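To start, the structure under review is shown below, and the notes come after it.
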Amino acid sequence: MSGYSFQSHPLEWLDEAAAGDGGVRWMSPHQLCVLDVDLARALLRNEDGRLVDHSDFFGRRDKALRPRAAQIKLAREAHALVQSHLRSVDFAACVESLGARSQWPKAGNALLLEIMRPILARPSRSPAFHAALDRVARDRILGRHDRRKGRLRRSIDRLRFVGAVLKERRRASPGEGEPDLFDVIVGSEGHMGDEAMTHLYAAFIFALVGSVGFALGWSVLLAVRHGRTDHRSADIVREALRLYPVAWLLERNPAEAVEVAGEPVSSSQWIVISTYAIQRRARYWESPAEFLPERWQARIDRTAWLPFGAGPQSCIAASLSIEIPARLLDRIFAREVSVEMG
């Protein structure tokens with residue numbers, strides 16, 4: 001019997017679940033949490049089609065770009081644009097912009113916004129469009145823990161963002177400067193309405209500024225806190241993502257009533273795969289609660305490392321979440337920076 005409620009103490013509940021022996025545990029009457037890695041991988045692959053198709057790289061199915069081939073093409077074009085942009089980035093100068101003191105993990109998100117701005121919104125975009133990008137980054141990523149805004153204010157902010165994006169779509173001129181990710185979305189093939197387009201653009205912001213920045217932020221904070229800054233940067237990032245995966249809960253909905261590890265789950269309930277708990281289980285990891293980037297130099301079983309999911313719907317840009325933070329870490333740890341929690 002759990003001593004915590006997931007609703008009131010989610011991380012404590014998951015830590016307790018990870019320390020237990022079971023393969024599944026009910027988080028709530030409507031959510032079954034999967035803690036067994038083999039079961040988790042089988043569910044993510046969904047080869048038997050028991051789960052509702054979750055084939056979208058970029059979020060909710062009702063706002064998806066269709067068909068699947070169009071999603072793949074868009075993702076590849078976006079990935080190629082990011083890689084091309086990274087070749088022109090002066091990473092050393094970006095790190096110098098942090099100043100002598102910086103607050104982490106928040107500083108990671110701020111740094112990624114600076115690096116990725118030219119391909120999120122090229123300079124020739126309207127001031128209103130750039131302002132919308134800044135508001136999303138400030139309010140939804142850098143200030144994600146600020147609960148002072150009420151529901152009405154958040155709704156107003158969302159409407160302002162949607163309005164700015166749709167106005168930019170109407171004035172979009174592909175010939176103005178270097179292409180950005182908004183050009184990739186607007187020029188994509190397949191059926192996509194205004195709401196889906198807005199959702200996809202927001203997803204790019206959250207992926208590049210939020211997710212990659214999150215990986216960088218926790219990598220810096222954990223490496224400094226535990227005195228591991230002399231280890232390989234890529235291993236520091238992998239270990240940070242093991243302890244603090246960006247997608248710490250992956251939800252799937254059964255297409256019809258199913259049984260999961262002996263537990264009946266109806267089509268109105270959810271199967272939740274906890275990468276956070278799986279990556280902290282002693283059955284899969286030695287000293288699972290410790291930050292040990294050196295473990296990645298040994299020949300270890302990586303089956304229980306799932307920060308990007310698994311199967312055909314795993315994150316297509318997973319390599320960027322290792323590559324970009326690792327390149328920045330090399331430069332951050334080469335200079336003296338005061339790292340603070342904040």
Side-chain angles (χ1 to χ4, degrees), residues 10-11 14-15 18 33-35 37 40-41 43-44 54 56-60 75 78-79 82 86 103-113 115-116 120 136-137 139-145 181 199-223 225 233-252 272-281 284-285 288-289 291 293 296 302-311 313-329 341-342:
L11 293 184
L14 289 170
D15 284 335
C33 183
V34 175
L35 306 163
V37 68
R41 284 186 169 275
L43 290 167
L44 290 171
H54 191 87
D56 305 315
F57 292 129
F58 307 108
R60 291 174 53 186
H79 190 273
V82 173
L86 291 178
Q103 291 186 329
W104 297 83
K106 183 184 295 186
N109 300 116
L111 188 56
L112 262 296
L113 176 60
I115 291 172
M116 295 300 176
L120 285 170
V136 168
D139 298 339
R140 298 294 303 280
I141 299 175
L142 295 171
R144 62 185 178 274
H145 300 302
L181 290 169
H199 183 76
L200 290 179
Y201 181 63
F204 278 133
I205 298 173
F206 280 92
L208 294 176
V209 179
S211 298
V212 179
F214 181 93
L216 171 64
W218 279 105
S219 296
V220 171
L221 189 62
L222 290 169
R225 179 183 293 170
S233 293
D235 293 338
I236 290 173
V237 179
R238 292 185 184 96
E239 184 69 349
L241 286 171
R242 183 185 68 82
L243 288 172
Y244 294 99
V246 177
W248 58 299
L249 298 174
L250 304 174
E251 289 188 321
R252 297 294 187 267
V272 182
I273 297 158
S274 175
T275 58
Y276 174 94
I278 289 172
Q279 293 179 172
R280 288 170 174 255
R281 301 204 78 179
Y284 306 129
W285 301 93
F291 179 75
W296 296 93
R302 303 189 182 192
T303 304
W305 191 66
L306 298 167
F308 309 113
Q313 278 75 55
S314 59
C315 178
I316 196 169
S319 62
L320 294 176
S321 294
I322 302 292
E323 175 190 348
I324 297 173
R327 292 175 68 176
L328 288 165
L329 285 181
M341 180 72 175

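We're numbering straight along the sequence, starting at 1. Quick caveat: nothing in here was measured; it's all calculated off a predicted structure.
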Within the side chain of [X], is there an N or O that forms a donor-acceptor pair under 3.5 Å with the backbone of [Y]?
X: Tyr284; Y: Val37; answer: yes
X: Thr275; Y: Ala247; answer: yes
X: Arg280; Y: Ala289; answer: no
X: Tyr276; Y: Asp15; answer: no
X: Arg140; Y: Phe206; answer: no

What is the minimum heavy-atom distance between [X] and [Y], and which atoms define it?
X: Ile278; Y: Val34; result: CD1-O, 4.0 Å
X: Leu243; Y: Pro288; result: CD2-O, 3.5 Å
X: Leu35; Y: Ala277; result: CD2-CB, 3.6 Å
X: Ser274; Y: Leu14; result: OG-CD2, 3.5 Å
X: Ala215; Y: Leu241; result: CB-CD2, 3.9 Å
X: Pro307; Y: Trp305; result: CD-C, 3.3 Å

Contact between [X] and [Y] at the side-chain level, heavy atoms closer than 4.5 Å - yes or no?
X: Leu306; Y: Leu250; value: no
X: Asn109; Y: Leu113; value: no
X: Ser321; Y: Val246; value: no

Measure the [atom1]-[atom2] distance between [X] and [Y] for me, rounded to the nearest 0.5 Å.
X: Leu221; Y: Lys106; atom1: CG; atom2: NZ; value: 13.0 Å
X: Leu320; Y: Phe308; atom1: CG; atom2: CZ; value: 9.5 Å
X: Gln279; Y: Arg302; atom1: CD; atom2: CZ; value: 12.5 Å

*For Phe291 and Ile236, run side chain to side chain contact (heavy atoms under 4.5 Å, CB included): C-alpha distance rounded to whole Å, both residues' side-chain angles, the deciding distance at 0.1 Å, then the answer.*
CA-CA 9 Å; Phe291 179 75; Ile236 290 173; 4.0 Å; yes

*Single hit among Ile324, Leu111, Val212 for side-chain contact (heavy atoms from CB on, under 4.5 Å) with Met116*: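 Among the candidates, only Ile324 passes.
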
_Residue pair Leu328, Val220: steps toward the side chain to side chain contact (heavy atoms under 4.5 Å, CB included) verdict_ = CA-CA 10 Å; Leu328 288 165; Val220 171; over 6 Å; no

_Parallel, tilted or perpendicular, judged at 30° and 60°: which one describes the rings of Tyr244 and Trp218?_
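Geometry flag for Trp218 against Tyr244: parallel rings.
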
*Among all residues two or more places apart in sequence or in another chain, which pass the salt bridge (Lys or Arg N to Asp or Glu O under 4.0 Å) test with Arg238?*
Asp235

_Sequence-distant partners of Arg327, salt bridge (Lys or Arg N to Asp or Glu O under 4.0 Å), two or more places apart_ =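 So Arg327 forms a salt bridge (Lys or Arg N to Asp or Glu O under 4.0 Å) with Glu323.
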
_Residue pair Val209, Leu120: steps toward the side chain to side chain contact (heavy atoms under 4.5 Å, CB included) verdict_ = CA-CA 10 Å; Val209 179; Leu120 285 170; 3.7 Å; yes

